[in-house]
Amino acid sequence: ALQCVAGGVDAAVAMPPAANIVTRAADKSMRYDMVGVLSFVLSSIVGTRPEAIKMAPVVLECARRGEQIKPIICFTGQHDEMLRQVTDYFGIHPDVDLKVMSAGQSLAQLTARCLTSLDELVAKEEPSCLIAQGDTTSVLAASIVAFYRHLPFVHVEAGLRTGNLQQPWPEEFNRRV
């Protein structure tokens, strides 16, 4: 397993045992480089400033392990300007920028754009898993896409639950899903 503990973030990603490598050779979630070394493709979904702050140590550690892990950094653009303040500070740049926000869109429209854009990303990149932090619409959509695509979803943290679907809204609903 990949264990990353940095900056208060503790995330674990299960890797298949060595015995399963041969039997999983046809599994597209696992990659083999030119010398036959197993690598893990991890797609990190980041949409807001708080997500970037908590995901930065995980993203940087994955990048440091470039021979073992191929990180795909995806910005949804949910809170683009505030997100960039943090990612610029940490030197994190997206491999994919979905730019899902548009003027006047409803929460349902944002959710639909996140779902379809993230699903297209997963279809194209074929990651081993999706990783995200928080309780935003971007994270909700990432978890649903992971579920629909039968991918592990690594959820770093979702905040404190209130038990009240109306407060905070829509975050409490997102946490439950």
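This structure is a prediction, so every number in the text was calculated from the model and none was measured.
Sorted by first and then second residue, the salt bridge (Lys or Arg N to Asp or Glu O under 4.0 Å) pairs involving residues 101-110 (not counting sequence neighbours) form an empty list.
Considering only heavy atoms from C-beta on, Arg49 stays 4.5 Å or farther from His79 through its side chain. The shortest side-chain heavy-atom distance between Val59 and Pro71 does not fall under the 4.5 Å cut-off. Contact of the Trp169 side chain with the Leu107 side chain is registered, since non-hydrogen atoms from C-beta on lie closer than 4.5 Å. Counting only heavy atoms from C-beta outward, the side chains of Cys114 and Leu98 never approach each other to under 4.5 Å. At least one side-chain heavy atom of Ser106 sits under 4.5 Å from a side-chain heavy atom of Gln109. The closest side-chain heavy-atom distance from Lys70 to Glu125 is below 4.5 Å.
Residues Lys124 and Glu120 are not paired through a salt bridge, judged by the lack of any N-O separation under 4.0 Å between the basic side chain and the carboxylate.
Taking both residues in full, the closest heavy atoms of Pro168 and Thr162 are given as CD-CG2, 3.6 Å, listed atom of the first, atom of the second, then distance.
When each of Val100, Ile144, Leu140 is paired with Leu115, the side-chain contact (heavy atoms from CB on, under 4.5 Å) condition holds for Ile144 and for no other. Between Leu130 and the choices Ser143, Ser43, Pro152, the side-chain contact (heavy atoms from CB on, under 4.5 Å) rule is met once, by Ser43.
In the model, Gln78 has no side-chain atom that pairs as donor or acceptor with a side-chain atom of Thr48 under 3.5 Å. A side-chain N or O of Thr136 and one of Glu51 form a donor-acceptor pair less than 3.5 Å apart. Looking only at atom types and distance, the side chain of Gln105 has a donor-acceptor partner in the side chain of Ser102 under 3.5 Å away.
A 6.0 Å sphere centred on CZ of Phe90 holds more than 12 heavy atoms belonging to other residues, nucleotides or ligands.
Note on Leu110 and Met82: separate hydrophobic clusters, where clusters join Ile, Leu, Val, Met, Phe, Trp and Tyr whose side-chain heavy atoms are under 4.5 Å apart, directly or indirectly.
Applying the salt bridge (charged side-chain N to carboxylate O under 4.0 Å, His left out) test to Arg84 and every residue at least two apart in sequence or in another chain returns Asp80, Asp97.
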